[in-house]
Amino acid sequence: MRTIVCTMSSVSVRASWDTQERLTYNPNAPRNPNKKPNNFPSLPSPPPPSSSSLTFTAQSVSALLKRNPVTQGVKEKFNDMYMGYERWMPAPPKVEKPRTVYNAATLAYIGDSIYELYARRHFLFPPLSIDEFNERVMAVVRCEAQDALLQKLLSDNILSEEERGVLRWGKNIASAKTRTKKRAGAAVYNRASSLETLVGYLYLTNTNRLEEIMRKMGFSTGLSTEVLLEEAASEAAS
């Protein structure tokens with residue numbers, strides 16, 4: 001290490017040069033060779049929807065939610081309590097009439113997070129790599145996928161008049177122009193927002209009905225392993 005000290009008037013300036021060779025980052029270098037390989041089962045991942053012209057349908061989104069049944073290590077009996085809690089979601093605030101307290105944008109805000117929580121939890125078992133996990137979750141939280149699932153609910157005619165009113169209320173949320181809205185179009189974006197509003201509304205008013213609606217859309221509810229067992233039984237029957 002060489003050091004030069006220059007003195008001018010009463011001010012000292014010190015500069016230094018590092019003469020030691022440094023290792024440069026090589027992106028092609030092998031990763032930690034001592035790291036144990038991931039033993040999680042490799043499941044086929046649906047291609048990520050990267051094209052803005054990709055068309056989402058209820059069938060295509062249902063295919064994204066389809067998981068290969070893996071019954072190894074799955075318990076067939078379930079308890080009402082899991083890790084000491086009766087429900088896996090955080091308890092909502094007690095509000096008798098949410099529409100008189102919150103606006104539609106607020107319910108869509110909390111509904112968006114609840115919807116994504118269902119999506120993340122749905123793919124949590126069987127275990128996946130973090131990249132596969134993110135790809136599958138991101139595919140079903142897109143507004144195009146939400147719109148397709150909403151159309152499924154409407155075509156199956158399972159929503160009450162009150163719930164349809166919440167959808168109409170949420171569809172009129174005023175929002176700024178975003179890249180998502182520009183990509184999917186205002187109509188699709190607004191319908192996806194209305195679904196998030198309904199999810200937020202049911203989270204505050206009737207979590208049992210929320211579980212039913214999410215189950216109708218294809219998400220696992222209760223213990224994730226329960227759905228896996230049902231899928232395995234269905235595969236065996238066919």
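Since this is a predicted model, take the numbers as computed values, not measurements.
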Straight-line distance of L167 CG to L198 CG, nearest 0.5 Å: 5.0 Å
Just verifying a value: how many Å separate I173 CD1 and Y109 OH, rounded to the nearest 0.5 Å? 13.5 Å
Can a donor-acceptor pair be found between the side chains of D147 and Q151 at a distance below 3.5 Å? yes
side-chain hydrogen bond (donor to acceptor under 3.5 Å, both in side chains) partners of N157, counting only residues at least two apart: R164
Only one of L150, L195, V140, D156 passes side-chain contact (heavy atoms from CB on, under 4.5 Å) with M217; say which it is. L195
If you round to the nearest 0.5 Å, how far is NZ of K171 from OH of Y189? 15.0 Å
In Å, rounded to the nearest 0.5 Å, how long is the span from CD1 of I213 to CD1 of I158? 4.5 Å
Counting distance only, does the side-chain N/O of N206 pair as donor-acceptor with the main-chain N or O of L202 below 3.5 Å? no
Where E161 and R168 come nearest, the two heavy atoms and their spacing: OE2-NH2, 3.2 Å
Per-pair distances, 0.1 Å, donor-acceptor, side chain in residues 91-98, under 3.5 Å, sequence neighbours excluded:
none

Under the criterion salt bridge (Lys or Arg N to Asp or Glu O under 4.0 Å), I'd like the reasoning laid out for R215 against E212: C-alpha separation, chi angles, the key distance, then a yes or no. CA-CA 5 Å; R215 182 70 176 270; E212 182 181 356; over 6 Å; no
Heavy-atom pair of closest approach, residues A104 and G170: CB-CA, 4.1 Å
Which atoms form the tightest heavy-atom contact between R209 and S160, and what is the distance? NH2-N, 4.2 Å
Please find the pair of heavy atoms, one from S193 and one from A108, that lie closest to each other, and give the distance. O-CB, 4.0 Å
Scan for salt bridge (Lys or Arg N to Asp or Glu O under 4.0 Å) pairs involving residues 99-118, sequence neighbours excluded, and state none if there are none. E116-R120
Please identify each residue that fulfils ring pair (Phe, Tyr, Trp, His ring centres under 6.0 Å) with Y201, with sequence neighbours left out. none
Any chance you could measure L153, atom CG, to M214, atom CE, to the nearest 0.5 Å? 9.0 Å
When clusters are formed by joining ILVMFWY residues with side-chain heavy atoms under 4.5 Å apart, either directly or through shared neighbours, do L107 and V141 land in the same one? yes
Under the side-chain hydrogen bond (donor to acceptor under 3.5 Å, both in side chains) test, which residues partner N103, sequence neighbours left out? T106
Scanning both residues in full, the closest heavy-atom pair of A139 with A145 reads O-CB, 3.5 Å
Working to the nearest 0.5 angstrom, can you tell me the gap between S220 OG and F123 CZ? 9.0 Å
Side chain to side chain contact (heavy atoms under 4.5 Å, CB included) involving I110 - partner list, sequence neighbours excluded: S113, I114, Y203
Looking at residues at least two apart in the chain, or sitting in another chain, which of them share a side chain to side chain contact (heavy atoms under 4.5 Å, CB included) with N172? none
Go through R136 and H122 one step at a time and tell me if the side-chain contact (heavy atoms from CB on, under 4.5 Å) criterion holds. CA-CA 10 Å; R136 296 189 181 204; H122 179 83; over 6 Å; no
